[in-house]
Amino acid sequence: MNNRLQEKPQHRKLRGYAFDPSLSLLIDTVDINKITYKVIWEEPKKDPLKRNSDTIPLLPGPTGDYLEIIDYDPTVKRFYTPVDLNDPYLLASDGLAPSESNPQFHQQMVYAVAMTTIKNFEKGLGRPILWASRLLDTNAYEEYVPRLRIYPHAMREANAYYSPMKKAILFGYFASTPASSTLSMPGSLVFTCLSHDIIAHELTHAILYGLHRNYSRPCNPDVLAFHEAFADIIALFQHFTFPEVLKHQIKRTKGDLEKQNLLGELAQQFGTAIGRYGSLRNAIGQTNQKTGVWEPATPSPNDYQTIMEPHARGSILVAAVFEAFLSIYKNRVADLLRIATGGSGILPEGEIHPDLVGRLAGEASKSAQHILNMYSCFGLLPSGRHYFW
Ligand SMILES: [Zn+2]
């Protein structure tokens, strides 16, 4: 008999970075980079292979119904102690405080972002997501894979990837080699498992592989490019689900999201750490690698004929989807801007009113949620039909 006075909570609150640790070093973004993720309160099955198995509290790792975080670092040949998110001290303080030097926080961060990405997919799909099953040697049978494995410190290199063979995501870490020491400290360690964008991107690869396994067979140049674009789109549009970040960027751009802003950028710390001026990818523009000045992107119809590398080719679709989002957003806020400007639609110099910031952020968030749902629903399409190419 359950003697508890309270119902089971809906959510578990966990602190983490909204983007990555580099934004906590900038005075402009330090206040918005630490957020609290609200993830599903999990009580995993004792035996994940049994349908009617009893449930148990979330295990250290964390290990739940969907994920199993295994923190073995082959570079130093050691396991890091798994974080126990049911520790009363951690429950009372929304998990560990963000820290680059604490491996237990790294485990908490990957868990929080991965569970947030899973929740967004399930909202769009209307059903639980399933990981791709494991093909046995004979190829005649498939083995159910209840949990995706995540290795936060799997290798010492500037890389992170989903391995369909291992049914796992492997995150690397590496020493920074920035183009200029003003961008980041040369030689400082960069952990890909601390980047919201990289975690959401890799998780999307794993979810998409579970939905449609054939989309990883490169039968034409669009297939792998689509996988990359899909993963970037989910990572980008998840930025719009963080209210404080959204309001901050709306305020800074006075609601014009075509200007340079964090919402259209992906993996800032990774980008600068591998020697670029700015983020790894950007949906609305990019920093000129010679001058270091940000420039809006100018779409070229030739790109589709000439760019074949999957990430770069995928960026063409990402930019098109982001432009569609901007059109929806601009349409939705046109009346608000008319009301705020006495009909001219042209905002005066200076900051915009906090009420207007709130309303513009609400419309941006709604428009972004439509895009997120549209892409999450992609899994509902029959796997034999390729609607996108
Ligand atoms: Zn990828």
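When a ligand or atom number is given, it counts from 1 through the structure's own listing order.
- In this structure, R313 forms a cation-pi arrangement with Y304, its terminal cationic atom sitting closer than 6.0 Å to the ring centre and no more than 45° off the ring axis.
- Comment: E142 engages R213 in a salt bridge, judged by a side-chain N to carboxylate O separation of less than 4.0 angstrom.
- Per residue E228, closest N, O or S atom to the Zn ion (ligand 1): atom name OE1.
- Backbone or side-chain N, O or S atoms of H311 do not reach the Zn ion (ligand 1) at under 2.8 Å.
- Listed by first then second residue, pairs satisfying ring pair (Phe, Tyr, Trp, His ring centres under 6.0 Å) with a partner in residues 336-366 number zero, not counting sequence neighbours.
- At a cut-off of 2.8 Å, H227 does not coordinate the Zn ion (ligand 1) through any N, O or S atom.
- Screening residues 45-71 for ring pair (Phe, Tyr, Trp, His ring centres under 6.0 Å) gives no qualifying pairs among residues at least two apart or on separate chains.
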